[in-house]
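Working notes, beginning with the structure itself.
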Amino acid sequence: MAKDRTRSLLELLIQVNREVAAALDLRTVLQRLLFAALQNVGGERGSIVVLDDNGKPMDATIVYGTSLHEHTTQQLRETVDRGLAGWVVRHRKAALIPDTSQDERWLRRPDDTLNKNGQKSAICVPLLARERLVGVLTLVHPLPNAFGPEHLELMQAIADQASIAVLNARLYTESLRQARVMTALADGAAAFSASLEVREVWQRVLNQTMQAMQVETVAIGLIEGPEQGLVFRAAAGQNAGNILDRRIPGGQGLAGLVAREGHGMIILNVKEDKRYTEADRFSGIEANAIALAPIQSQGKTIGVLEAINPVSGIFDPDALTVMTGIGGLAGTTIRNAQLFEQLQNAHQRYRELFEESIDPIFITDLEGRVIEANREAIRLSGFQTDDLHKMSIDQLHEVNWNKTGMEFENLINETGRNYESILHKADSGGVPVEVYARRVEFEDTDSIQWTLRDISERKELDSLREDLTAMIYHDLRSPLGNIVSSLDVLGGMIGEDESTRSILSIAVNSTDRIQRLVNSLLDINRLESGQTIATQKTVNPQELIEAAVRDVMPSATGRHQKVEIQIAGTLPNIWVDADMLRRVLINLLENAIKFSKVGATITIGAQKDENSARFWVQDNGPGIPSSEHKHIFEKFARVKGKDKPGGLGIGLAFCRIAVQAHGGMIWVESKEGKGSNFIFTLPVMSE
């Protein structure tokens with residue numbers, strides 16, 4: 001009799017082994033094992049919970065009679081955490097419960113029996129394969145004491161026989177899932193990299209996520225603005241239109257949490273998760289389960305990828321892995337697309353500025369061949385586009401090779417250069433231009449940009465000024481000399497009448513000023529043409545200062561101003577044109593008198609500085625903006641402002657030219673509202 005029982009058991013185990021070993025699909029293996037156990041051991045229902053290597057439930061099959069029963073992840077967790085299966089997992093040994101109503105290990109459910117008294121019997125055995133706990137097999141009979149030790153023994157034998165098949169099926173299923181993950185990510189990488197257009201990239205990410213995750217709705221939220229809020233820029237699936245342009249303040253909701261922490265999450269039931277708030281809700285979408293993953297580029301989170309409501313009702317175990325992988329791939333592609341779009345916009349703005357510029361612009365390669373020209377360049381030069389493409393830049397204007405380098409090496413290796421030249425026109429004419437050349441990147445190619453500003457009007461104005469200057473010091477010089485001589489004669493003819501002498505003094509002072517202006521214009525013209533100073537002699541600086549002060553005292557007295565002289569120690573002699581340097585000091589003093597308030601004090605002084613003599617004139621005027629410090633020493637330049645006194649802008653230009661002709665330097669130290677201090681230095685004579 002014992003032999004027959006053993007033979008039957010062996011035949012049963014062989015049959016079970018054949019059934020479960022003939023398949024590799026995990027669900028199929030579990031179903032066959034459960035049906036075999038129920039058929040040979042008995043019972044009303046049975047279940048198998050499959051565990052991963054960490055002892056966490058990853059899958060299950062539940063059978064009622066001859067039909068499969070759906071389950072939820074929450075039910076699996078409760079069974080393993082609090083039920084009989086959990087006790088078996090923790091103790092790694094089988095359990096027999098003759099009466100479930102009398103055993104606290106049994107997790108009661110509302111549908112235990114028809115009369116809901118909970119009385120039934122149960123067997124639960126571990127599935128151990130090579131010392132690895134791969135699952136738990138449970139059978140339940142509707143009557144108490146229906147199972148005994150022989151049933152437990154048979155159940156354990158079946159479990160031992162099937163454990164290897166369950167492990168193999170689990171590993172096979174995991175390998176298939178990993179393959180699906182890798183395939184999904186590989187497909188995503190290929191799809192994402194196929195375009196650099198931002199909106200097309202968004203759509204590809206949405207399509208790939210929906211296909212890989214099998215969900216109803218997907219959305220992309222990007223971090224924007226100084227507050228780092230999320231703006232959903234793209235969505236696909238059910239009611240996707242209600243998601244577009246939805247804004248979530250920085251850090252709020254689950255999406256904000258993922259964006260801030262940079263880690264994805266799966267929410268299996270949003271109604272039971274307190275972290276799910278109003279910020280996570282989208283109009284017209286009833287979310288049940290959601291998956292979120294950060295969209296990252298170069299280690300920085302730039303957005304969030306969200307998948308809503310899996311079609312099957314639950315997310316696969318590898319859902320978070322897939323979402324995180326897609327988010328990583330999408331982040332790099334989206335960032336590249338954004339940078340590409342910014343680059344395109346920059347190119348477009350450059351193109352618009354290039355075409356709409358009021359100045360002619362030519363673009364050449366690094367060898368000077370013209371590759372592009374804007375409308376103004378075509379208009380001013382008179383050449384057609386096709387003709388320009390056959391020309392080099394030196395055919396269009398007289399290149400200053402000293403500035404650019406014979407092979408444009410100064411432009412290629414250094415900063416931009418500017419100079420004046422003549423633009424050659426198609427009709428053989430010429431246009432004076434100011435050229436600014438610099439290296440640029442044009443249409444992704446290293447190039448040279450030549451901006452040619454038409455300075456015809458400025459040249460004409462310069463010519464008029466030169467004509468006016470020539471007229472002043474040629475046509476006025478002779479009659480002015482006659483006036484000076486006549487005033488000298490009148491001075492000897494009139495008597496001691498004070499009113500008459502006062503009028504004569506005003507006339508003499510005025511003619512002196514006119515004479516100084518004419519002489520200054522003559523000196524500017526002579527020194528700019530390269531002539532040297534021929535009338536230099538030894539001069540005492542203090543005497544020069546005192547003479548200049550005497551000449552300007554009438555003007556200072558008229559404005560109730562004081563002029564103080566400050567001489568530091570003994571000054572060495574200087575080798576200068578005395579009249580020219582006296583006029584420099586007078587110009588600086590007259591400017592100080594003109595710009596200072598009535599009753600102010602003006603200071604003029606000098607001191608020895610190593611190998612030079614330093615002179616200065618300090619006023620209490622409105623000051624000069626720093627941007628004007630160099631400009632004011634140019635010819636015809638004046639400080640701008642409605643309250644500034646007028647003038648020709650010759651005085652300071654003469655001072656600069658005269659001081660530099662003597663080997664010195666001149667500059668101004670000034671701040672707006674705090675007066676100005678004009679300083680110049682001159683070499684001293686060797687002892």
Side-chain angles (χ1 to χ4, degrees), residues 347 350-351 353-466 524-532 630-631 633-637 653 656-657 660-661 663 665:
H347 282 178
Y350 178 83
R351 267 286 182 183
L353 292 172
F354 175 75
E355 287 295 342
E356 299 300 327
S357 174
I358 62 174
D359 294 322
I361 301 176
F362 296 95
I363 304 294
T364 70
D365 59 21
L366 298 184
E367 295 180 354
R369 291 185 292 266
V370 177
I371 56 179
E372 192 61 271
N374 68 350
R375 284 194 290 268
E376 187 62 18
I378 294 172
R379 185 197 68 79
L380 190 62
S381 68
F383 291 103
Q384 297 301 313
T385 302
D386 292 341
D387 296 329
L388 289 172
H389 288 167
K390 301 174 184 177
M391 302 174 68
S392 60
I393 194 65
D394 58 335
Q395 293 176 291
L396 286 166
H397 82 288
E398 298 174 7
V399 177
N400 187 327
W401 300 107
N402 291 329
K403 293 275 190 176
T404 65
M406 294 305 296
E407 296 182 353
F408 308 117
E409 62 271 13
N410 293 343
L411 304 179
I412 296 172
N413 300 325
E414 302 178 18
T415 56
R417 299 297 180 92
N418 64 293
Y419 53 88
E420 292 186 4
S421 183
I422 300 294
L423 172 66
H424 304 308
K425 300 180 65 175
D427 60 5
S428 300
V431 178
V433 291
E434 182 179 0
V435 181
Y436 178 67
R438 66 187 181 99
R439 183 178 180 175
V440 297
E441 183 177 306
F442 185 82
E443 304 293 350
D444 299 325
T445 304
D446 282 339
S447 310
I448 299 176
Q449 175 181 286
W450 306 80
T451 303
L452 280 60
R453 174 160 296 176
D454 185 353
I455 56 174
S456 299
E457 293 185 1
R458 195 187 81 188
K459 287 295 185 182
E460 291 176 0
L461 181 59
D462 288 345
S463 178
L464 289 174
R465 285 173 172 168
E466 290 174 0
I524 289 174
N525 185 67
R526 186 173 68 248
L527 295 175
E528 283 187 331
S529 65
Q531 296 183 31
T532 58
K630 291 184 178 180
H631 177 66
F633 290 103
E634 298 174 1
K635 283 192 301 183
F636 309 110
R656 174 182 62 83
I657 294 171
Q660 290 177 349
M665 297 173 57

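One distance of note links CD of Glu367 with CD1 of Ile393; it measures 14.0 Å at 0.5 Å rounding. Remark: Lys403 NZ to Asn410 CG distance equals 10.0 Å, nearest 0.5 Å. To the nearest 0.5 Å, atoms CD1 (Ile455) and CG (Leu423) are separated by 11.0 Å. Of the inter-residue distances, the one linking Arg438 atom CZ with Ser447 atom OG reads 11.0 Å to the nearest 0.5 angstrom.
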Open item on the list: If you apply the rule side chain to side chain contact (heavy atoms under 4.5 Å, CB included), what do you find for Glu376 with Ile358, and how did you get there?
Closed with: CA-CA 6 Å; Glu376 187 62 18; Ile358 62 174; 5.8 Å; no
- [ ] Evaluate the side chain to side chain contact (heavy atoms under 4.5 Å, CB included) criterion for residues Phe383 and Lys390: first the C-alpha distance (whole Å), next the side-chain angles of each, then the deciding distance (0.1 Å), finally the verdict.
- [x] CA-CA 11 Å; Phe383 291 103; Lys390 301 174 184 177; over 6 Å; no
Task: Pair Ser421-Val399, side chain to side chain contact (heavy atoms under 4.5 Å, CB included): steps then yes or no - done: CA-CA 7 Å; Ser421 183; Val399 177; over 6 Å; no
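Considering only heavy atoms from C-beta on, Arg417 comes within 4.5 Å of Leu411 through its side chain. Side-chain contact between Thr445 and Asp365 is absent, with no heavy atoms from C-beta onward closer than 4.5 Å. Put simply, the side chain of Leu388 reaches to within 4.5 Å of the side chain of Phe362, judged on heavy atoms. Looking at Trp450 and Leu396, their side chains never come closer than 4.5 Å, going by heavy atoms from C-beta outward. Asn418 has its side chain within reach of Glu434: a pair of non-hydrogen atoms, C-beta onward, lies under 4.5 Å apart. Between Ile361 and Thr451 the shortest side-chain heavy-atom distance falls below 4.5 Å. Glu420 is listed as a side-chain neighbour of Lys459, based on a closest heavy-atom distance under 4.5 Å. Side-chain atoms of Arg369 and Thr364, non-hydrogen and from C-beta on, never get closer than 4.5 Å to each other.
Side-chain atoms of Ser357 and Asp359 form no donor-acceptor pair, as typed in the model, at a separation below 3.5 Å.
Under a cut-off of 6.0 angstrom, the local environment of CZ in Arg453 is sparse, with at most 12 non-hydrogen atoms contributed by other residues, nucleotides or ligands. For CD of Glu407, the number of neighbouring non-hydrogen atoms (other residues, nucleotides, ligands) closer than 6.0 Å is 12 at most. More than 12 heavy atoms of other residues, nucleotides or ligands shown are found within 6.0 angstrom of CD on Gln660.
Using cut-offs of 30° and 60° for the angle between ring planes, the Tyr419 and His397 rings count as parallel.
Pairing each heavy atom of Pro360 with each of Ala377, the nearest pair is CB-CA, 3.5 Å. Between Pro432 and Asp454, the shortest heavy-atom contact is O-OD1, 3.5 Å.
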